[in-house]
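Report on the structure given below.
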Amino acid sequence: MITFFTPGSRSNISRIGFLLLFLSFIFTQCKEGKIKDNPSQSSGLISDSAMVVCARPEASAIGIQIMKKGGNAFDAMIATDLALTVSYPFAGNIGGGGFMVYRTHDGKVGALDYREKAPMAASRNMYLDASGNIIPGKSTLGAMAVGVPGTVAGLFKVYKKFGSLPFKELIQPAIDLAKRGVVLTKKQARRFNYYRKYFDQVNDHKIIFDKEWHAGDTIKFPALAKTFERIRDNGRDEFYRGKTADMIAAFVQKHHGIITREDLARYEAKWRKPIVFNYKNAKIISMSPPSSGGICVAEILNAIEPFPVASYGHNSTKYIQLLTEAERRAFADRSFFLGDPDFEKIPIDTLISPAYANRRMADFSWKKATPSSTVKHGNIIGYESMETTHYSIVDKQGNAIAVTTTLNGAYGCKLYVGKGGFFLNNEMDDFSSKPGVPNQFGLVGAEANSIKPEKRMLSSMTPTIVEKNGQLYMVVGSPGGSTIITSVVQAFLNVYEFGMSMQQAVDMPRFHSQWLPDDIKMEPGGFSLAVQDSLKQLGYAIDTTNAPVIGKVDAILRLPDGKLEGGADHRGDDKAVGY
Ligand code: DON
């Protein structure tokens with residue numbers, strides 16, 4: 001019998017647990033001095049030709065190794081992604097999904113959606129009890145939380161269109177890494193030990209992580225190596241129709257979930273048209289629905305564009321106020337309009353237009369905060385035909401890739417397909433289980449994001465590429481649920497408006513606001529009391545205790561001389577590798 005209390009469930013117990021986890025993170029972050037009042041003055045790694053920035057040094061090195069062998073950025077993406085599945089099981093995955101935005105060396109742009117989808121047996125009220133209340137934990141922990149995984153389909157879709165080296169050469173480094181094992185960092189050991197109780201709670205078998213871990217220990221992944229070997233030998237169908245598909249369906253059903261072989265066989269990754277818009281002289285290319293990322297970033301940047309942002313000063317009262325007001329309006333729209341475009345009509349062109357943003361900001365006043373209770377979604381007349389990891393890659397030809405991929409919560413739903421060697425996602429929690437009730441990121445949804453069979457749940461993932469003067473300028477993205485959007489906006493503005501290096505832009509303390517809850521979350525220790533007080537006087541609620549880290553941005557900036565600068569977020573063990 002499973003009892004549900006986990007970070008991410010909606011019960012009070014879970015909230016207390018989550019708070020305690022956050023507080024312990026705050027303590028360790030402050031002790032380790034990771035969030036600084038002043039960012040480093042230095043730049044990040046500078047490379048002449050090619051770069052990978054991701055959550056694990058092993059995976060960045062593997063991506064670079066592929067490019068040194070002659071592979072392009074897309075080959076490197078496949079190898080890096082698979083290497084993250086081994087070295088970063090917290091979020092790297094084959095049991096989850098993600099999004100990719102690309103810009104080729106000759107300026108062509110595109111976006112790939114390999115988001116999970118609801119199983120065919122899913123239904124609107126599947127997470128509600130007989131009284132219509134949310135059943136705590138059902139959408140976050142265990143087999144009912146799992147969406148049909150998209151990652152393997154996504155990687156093969158990329159390979160088919162852009163791959164240049166033989167696929168077996170792209171997957172082999174991950175196989176070798178899984179056999180050789182990964183040496184744990186302090187952060188990884190701490191996480192495994194923290195989540196052990198949840199692994200025990202949901203899995204009917206002992207999983208390989210089920211022991212006390214220490215920094216420096218090595219974990220080997222023999223079952224995952226075998227799964228990769230089968231995928232190497234049998235291709236995409238191995239995961240969706242072969243032995244691995246049998247394994248997943250049987251495993252999920254044994255744990256009382258509803259994913260079937262047919263769900264897997266019917267899964268498809270989809271090419272989407274990215275969201276493209278201009279901010280001053282920059283052209284931003286970002287992820288389209290079923291992610292809300294690109295639309296929200298467009299709404300926020302369009303709303304602030306008419307203002308002399310740089311003149312306010314970085315992280316000043318005026319800057320934070322302006323961005324917060326733009327963010328709350330964008331998130332109110334997210335909640336109402338956005339969902340899976342294959343199921344819902346989304347007025348994308350209007351939402352991303354500067355004229356709409358100006359209308360939305362018409363009631364903004366410097367004199368006082370606009371309470372979120374008075375901010376509703378915008379009016380649109382007539383509809384037009386709406387724990388995660390990010391990595392950024394640029395190759396020597398100038399092809400650029402931004403990928404954000406996730407299991408949703410840390411280690412997904414905590415179910416580990418023991419025979420296959422991988423975790424399964426809990427992406428179903430990204431649907432709106434009940435209108436008006438927040439999910440684990442405090443996001444409130446509406447009809448557009450209701451559960452339907454085979455529908456994709458709305459995401460905040462925001463893999464983004466920026467062009468300036470017709471040339472590649474920045475590749476950027478972040479994990480962090482709803483804070484992904486605001487982290488990407490700030491990393492971009494830190495460089496574009498405030499002239500920081502990419503590394504400084506990533507290091508800088510961040511804040512976050514999302515309509516509901518009606519507050520501004522700030523990384524502790526990063527914002528002066530004077531700024532906090534002046535915002536409070538204007539009517540803003542400031543929360544510096546619940547968001548010890550906001551986002552974990554991994555980015556690449558193309559410098560005026562054509563070299564690349566990496567920004568690897570020190571909030572994690574992230575690393576830029578280049579040549
Ligand atoms: O797609 C989304 O928006 C979420 N599933 C992302 C989850 C996430 O970023 C968790 N990481 N901190």
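On a predicted model such as this, the values are computed, not experimentally measured, just so you know. Remember, it's 1-based here, ligands and their atoms both numbered in the order they're listed.
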Report task. Please could you name the atoms of ligand 1 that I484 approaches to less than 4.0 Å, counting only its heavy atoms? Result -> 9 (O)
Query - N or O pair under 3.5 Å between P479 and ligand 1 - result: no
Requested in this report: For residues T388 and G480, report the shortest heavy-atom separation together with the two atoms involved.
Outcome: CB-N, 4.4 Å
Query raised in the report: For the side-chain hydrogen bond (donor to acceptor under 3.5 Å, both in side chains) test, which of T405, D430, T406 pairs with R115?
Result: D430
Query raised in the report: Atoms of ligand 1 less than 4.0 Å from S460 heavy atoms?
Result: 1 (O), 2 (C), 3 (O)
**Report entry** Nearest heavy atoms of M126 and K138, plus distance in Å
**Finding:** O-NZ, 3.2 Å
Query raised in the report: With a cut-off of 4.0 Å, which atoms of ligand 1 are near a heavy atom of M461?
Result: 1 (O), 3 (O)
Query raised in the report: What is the nearest protein non-hydrogen atom to atom 11 (N) of ligand 1, stated with its residue, atom name and distance?
Result: E387 CA, 2.7 Å
Query - Check: S460/R334 side-chain N/O donor and acceptor closer than 3.5 Å - result: yes
Query raised in the report: Taking all non-hydrogen atoms of both residues, which atom of S60 and which atom of V577 are closest, and how far apart?
Result: CB-CG2, 3.5 Å
Query raised in the report: Are side-chain heavy atoms of V489 and Y279 found at a separation under 4.5 Å?
Result: no
Requested in this report: Could you tell me whether R115 approaches ligand 1 through its side chain, its backbone, both or neither, with non-hydrogen atoms closer than 4.0 Å?
Outcome: side chain
Requested in this report: Examine the proximity of ligand 1 to T388 and report which part, side chain or backbone, both or neither, has a heavy atom under 4.0 Å away.
Outcome: both
Query raised in the report: Should S459 be counted as touching ligand 1, given the test is an N or O pair under 3.5 Å?
Result: yes
Query raised in the report: Closest non-hydrogen protein atom to atom 2 (C) of ligand 1, residue and atom name please, with distance?
Result: D430 OD2, 3.2 Å
Query raised in the report: Any non-hydrogen atom of M457 lying under 4.0 Å from ligand 1?
Result: no
Requested in this report: Establish, from distance only, whether the side-chain atoms of D574 and Y391 form a donor-acceptor pair under 3.5 Å.
Outcome: no
